[in-house]
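Because the structure is a prediction, the values reported are computed rather than measured. So you know, we letter chains A, B, ... as the sequences are listed, proteins then strands, and number each from 1.
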There are 2 protein chains.
Amino acid sequence: MNLRELSELLQLSQTTVSRALNGFPEVSEETRSRVRAAADMHGYRPSAAARRLATGQSGTLGLVFPRERNMLGDLIFTEFLGCCVEQASDLGYDVTLAMARGAQTEEAVYRRAVRSARVDGMILSSPLLEDPRIDLLRSLNMPFILHGRTRISSPHATLDIDNRGAFLQATRLLLDLGHRSIALINGDPAFNYAHDRELGYRDALATMGIAALPALISGNMMTERHGEDEAARMLALPSSERPTAFLCSSIAQAMGVTRAITRAGLVIGRDISLIAHDDRIADLRAESFDTPLTTTQSSIGAAGKRVVEMLIHMLRHPNEALPQEVWPVDLVVRASTGPAPTV
Amino acid sequence: MNLRELSELLQLSQTTVSRALNGFPEVSEETRSRVRAAADMHGYRPSAAARRLATGQSGTLGLVFPRERNMLGDLIFTEFLGCCVEQASDLGYDVTLAMARGAQTEEAVYRRAVRSARVDGMILSSPLLEDPRIDLLRSLNMPFILHGRTRISSPHATLDIDNRGAFLQATRLLLDLGHRSIALINGDPAFNYAHDRELGYRDALATMGIAALPALISGNMMTERHGEDEAARMLALPSSERPTAFLCSSIAQAMGVTRAITRAGLVIGRDISLIAHDDRIADLRAESFDTPLTTTQSSIGAAGKRVVEMLIHMLRHPNEALPQEVWPVDLVVRASTGPAPTV
DNA sequence: AGAAGTTTCCAAAGCGCTTTGGATGATTGG
DNA sequence: CCAATCATCCAAAGCGCTTTGGAAACTTCT
């Protein structure tokens, strides 16, 4: 059942049927509902291919799969991706994946995606401090939105959370509780988000005149393993340097840190305080830890959805200014933070 | 630069140019190379939308994102997905993702994907024992290929590895080494692959007249955590039931099991033997364990690529019989297996 | 040399939608 | 009552490719 057949059936022109279905104003409500009913009745689905050809829009968003980029963090990426796909589908868009791997440079992948012109816009995630992709896509004239920020000043659409503010707040909470030796278990500092978090952490320490000790800062993969190993190492430091509190960049890391702390015979919330950033991933709940975790929380899924919304809005309103959003991050205090133990 | 412009430039018809570029035989080699050169020169890229409309093929494969399905196993899924995308792209296809989540039943997602007709074929992964998706897609007339098998007899294309044979072999190796108490740390037995592996394990035990003890069989998520916890539990059993060997369904689980064994003060390859199934994921190498792991190995990435090849072949040759492949699995003996300790 | 193939190329008809530029009545204002 | 304005609707022209059904030129065969 195609448009022509449907319009013949209704004794209307294709124009009118098309407009009725697409919500144009120049068709009477009566006709519109008649058309809608018939379309439903006969299970009419407009051909995506035909529409694409006619409009020049592909109805597809592209996303480059960052396999080399943050391999083991990808539970978080997966959540982000899933929500992007979900939202895109709700708005009538498809999401296609591209892959950067091996011999192919990431740049080549982007170039190819653009040239084949099968996507209307692209979603970038996990930006590096000076991410080359954004100038690349700008020069290729491909609309895109970045999840995260970079140090690059050329204008581009972004959605990011206030990582710096979040870790500033979290660190300050620990300082207010009397902690003076605070460890940071971070993600790879090549990524902008990790860099921002470290800045927030340092900001807070600086206001108290406390030096940030390299031995208490770790930036690596966002895995439980890494959290556990680093925490164990730090807890083995001489007591003068040993941290009384940990700040983690992910719940996975916090799980590892929790184990290290417990194994050291210490009690979370009493001997050692712990705050983690919580991306709100379904099966990794900060509140269901044995000692519920104090967190800086921000749903990465919500960000995925919003990023798609913003990108589609950009595609539909190409002349508006490029949107930029920064979300504040909530600090949720639970049982894993307490006053610093007195010596 | 479109086909018409290019053909005018070459003083040829669109027909000829199109055929030259698409490798049809009814165009002379001389003309063909002239056309190719001009196309390259002017950076001509055929419009995907136009081609789709003209051919009725979308040039796109669909893959449903199994978020609820095997959440934490998804390092493996990610590898599979990545290789599918890579191969599809090499063959000129796109891969679009759909999502099943929350209110939407998985069935609704498949129905919608089919109705919107934006994909030529679909890739299914991680099948359950009696997976309803395959009869669904058959009834909807959507070509698809299944990575894995099911107990369902209706004909469909599949690529699977010989999970049963692999675990039969692995278990037999342990038996030959004198082990009599062998633990199985498996994936969720709702999945067919896990079920098959357990069958292989039981087959081997049965040939030696050994009963499979429920306490030594665990089926759950494919995480390091699960591996560690289960191994620790089993190692704490009274010595009459305590396993002298472990069989794991993934390298991640084996990492956890390794930790539990080491923590128990035991030495892998001497006190306890360990075999894991290795999906050959880049950053998770069985050979770089402290004690290199004996494995049943089969690259899941290679399977992803092959699945895409097979599906595309099916699309191009719709009348051929549905392909079914079962790959044998290699047993690679390394240092983690040794003779059972004498009491 | 004429008939019968072969090669090589082409004109034109779609594929199913969107969108431009009217046309047709119905309604309103002076 | 006629002109001007609206509200509806339509015919037809693309969008850029593939593919059908020939036509023309060139070989080969007898």
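Between A:Ser28 and D:dC9, a side-chain N or O to OP1/OP2 separation shorter than 4.0 Å is present. Taking side-chain N and O atoms only, A:Ser18 has no distance below 4.0 Å to OP1 or OP2 of C:dC17. Contact check, A:Asn22 against C:dT18: a side-chain N or O comes under 4.0 Å of OP1 or OP2. Within the 4.0 Å cut-off from OP1 or OP2 of C:dG16, not a single side-chain nitrogen or oxygen of A:Arg4 is found.
Atom CZ of B:Arg51 is separated from atom P of C:dG14 by 22 Å (rounded to the nearest Å). Between B:Gln57 atom CD and D:dG16 atom P there is a gap of 22 Å when expressed in whole angstrom units. When rounded to the nearest whole Å, the span between CG of B:Leu6 and P of D:dG16 equals 14 Å. Distance, B:Arg34 CZ to C:dT8 C1': 13 Å, rounded to whole Å. To the nearest angstrom, P of C:dT6 lies 15 Å from CD of B:Glu26. A:Leu3 has its CG atom 19 Å from the P atom of D:dC15, to the nearest Å. Rounded to an integer number of Å, the gap from A:Met1 CE to C:dC17 P is 11 Å. Taking atom CG of residue A:Leu21 and atom P of nucleotide C:dG16, one finds them 16 Å apart after rounding to whole Å.
B:His156 places a side-chain N or O within 3.5 Å of a backbone atom of B:Ser154 that can act as its donor or acceptor partner.
The pair B:Arg4-B:Glu8 counts as a salt bridge, with a side-chain nitrogen and a carboxylate oxygen less than 4.0 angstrom apart. Of the charged side-chain nitrogens involved, none lies within less than 4.0 Å of a carboxylate oxygen, so that A:Arg306 and A:Asp160 do not count as a salt-bridged pair.
Of the candidates C:dT19, D:dC9, D:dC10, the closest approach to any side-chain atom of A:Ser13 belongs to D:dC10. Listed nucleotides: C:dC9, D:dC10, D:dT19. Nearest to the side chain of B:Phe24: D:dT19. Set against D:dC17, C:dA11, D:dC9, the side chain of A:Thr16 has D:dC9 as its closest nucleotide. Counting only heavy atoms from C-beta on, B:Leu53 has its side chain closest to D:dG16 among C:dT18, D:dG16, D:dC10.
Using a 4.0 Å heavy-atom cutoff across all strands shown, A:Arg19 reaches at least one base atom of the nucleic acid. In this structure, A:Gln11 reaches the sugar-phosphate backbone alone: every heavy-atom distance under 4.0 Å involves primed, P, OP1 or OP2 atoms, never a base.
Side-chain atoms of B:Asp120 and B:Ile312, non-hydrogen and from C-beta on, never get closer than 4.5 Å to each other.
Under 3.5 Å, the side chain of A:Thr31 and the base of D:dT8 form no donor-acceptor pair of N or O atoms. Between the side chain of A:Thr55 and the base of C:dT19, no donor-acceptor pair of N or O atoms lies under 3.5 Å.
Counting heavy atoms of neighbouring residues, nucleotides and ligands inside a 6.0 Å radius, atom CE of A:Met41 does not exceed 12 of them.
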